[in-house]
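Heads up: the structure comes next, in structure tokens.
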Amino acid sequence: MKKIYSKLKNINSRITDCRKEIQAVQQLPFYNIFNSEAQREKDLAVLQALLNSLLQQKAETLQALQLQVNQEKLAVTTLLQQR
């Protein structure tokens with residue numbers, strides 16, 4: 001369970017970083033100064049795809065964690081019933 005929780009923390013950190021990067025790209029004057037709004041849109045599309053992938057990974061990791069929790073609960077319940 002620790003491994004899954006560690007993976008979840010890592011994914012959450014990457015999601016936070018990605019969101020910060022999206023915000024930076026949206027606010028950077030670089031694209032406007034150099035008249036490259038099309039590049040901004042491409043960069044945002046790549047970052048959004050990454051964010052979507054990370055969110056999917058988070059959902060899968062949470063599902064794995066839920067499964068692990070359910071297995072642990074079942075094991076504990078079984079032990080309690082045997083006493």
Side-chain angles (χ1 to χ4, degrees):
M1 192 165 359
K2 286 182 183 180
K3 185 177 179 181
I4 296 172
Y5 183 70
S6 177
K7 182 178 179 181
L8 183 61
K9 285 176 56 176
N10 184 348
I11 292 170
N12 281 335
S13 176
R14 292 180 63 204
I15 288 171
T16 300
D17 292 345
C18 188
R19 285 185 170 146
K20 287 179 183 177
E21 188 71 21
I22 289 171
Q23 188 175 31
V25 168
Q26 289 172 333
Q27 295 175 351
L28 281 175
F30 165 83
Y31 297 98
N32 197 16
I33 292 170
F34 293 102
N35 199 20
S36 56
E37 288 298 322
Q39 185 61 47
R40 181 193 312 253
E41 294 304 316
K42 288 179 185 176
D43 292 347
L44 285 172
V46 169
L47 288 167
Q48 189 61 50
L50 174 60
L51 180 58
N52 289 343
S53 173
L54 290 169
L55 291 171
Q56 181 63 36
Q57 288 177 39
K58 181 176 181 175
E60 291 168 2
T61 303
L62 286 170
Q63 188 173 21
L65 185 59
Q66 181 69 43
L67 180 62
Q68 185 71 39
V69 166
N70 289 341
Q71 289 173 346
E72 291 286 330
K73 284 169 55 177
L74 181 60
V76 169
T77 301
T78 302
L79 285 174
L80 287 172
Q81 289 175 350
Q82 290 176 354
R83 291 181 180 221

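Each residue takes its place number in the sequence, starting with 1.
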Rounded distance (nearest 0.5 Å) linking atom [atom1] of [X] with atom [atom2] of [Y]:
X	Y	atom1	atom2	value
Lys42	Tyr31	NZ	OH	11.5 Å
Ser13	Asn10	OG	CG	6.5 Å
Gln48	Leu50	CD	CG	9.5 Å
Ile4	Leu67	CD1	CG	7.5 Å
Thr16	Arg14	OG1	CZ	11.5 Å
Leu44	Glu21	CG	CD	9.5 Å

Are [Y] and [X] linked, directly or through intermediate hydrophobic residues, by side-chain heavy-atom contacts shorter than 4.5 Å (ILVMFWY only)?
X	Y	answer
Val25	Leu54	yes
Leu8	Met1	yes
Leu47	Leu28	yes

Can you establish whether the number of heavy atoms outside Gln26 located under 6.0 Å from its atom CD is more than 12?
yes

More than 12 non-hydrogen atoms from neighbouring residues, nucleotides or ligands closer than 6.0 Å to CG on Asn35, yes or no?
no

Spell out, as yes or no, whether a donor-acceptor pair under 3.5 Å connects the side chain of Ser6 to the backbone of Lys2.
no

Spell out, as yes or no, whether a donor-acceptor pair under 3.5 Å connects the side chain of Thr78 to the backbone of Leu74.
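Answer holds: yes.
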
Indicate yes or no: at least one non-hydrogen side-chain atom of Leu79 is less than 4.5 angstrom from one of Gln82.
yes

Taking only residues two or more places apart in sequence or in another chain, which ones pass salt bridge (Lys or Arg N to Asp or Glu O under 4.0 Å) with Arg40?
Glu37

For residues Asn52 and Gln56, is any side-chain donor paired with an opposing acceptor at under 3.5 Å?
no

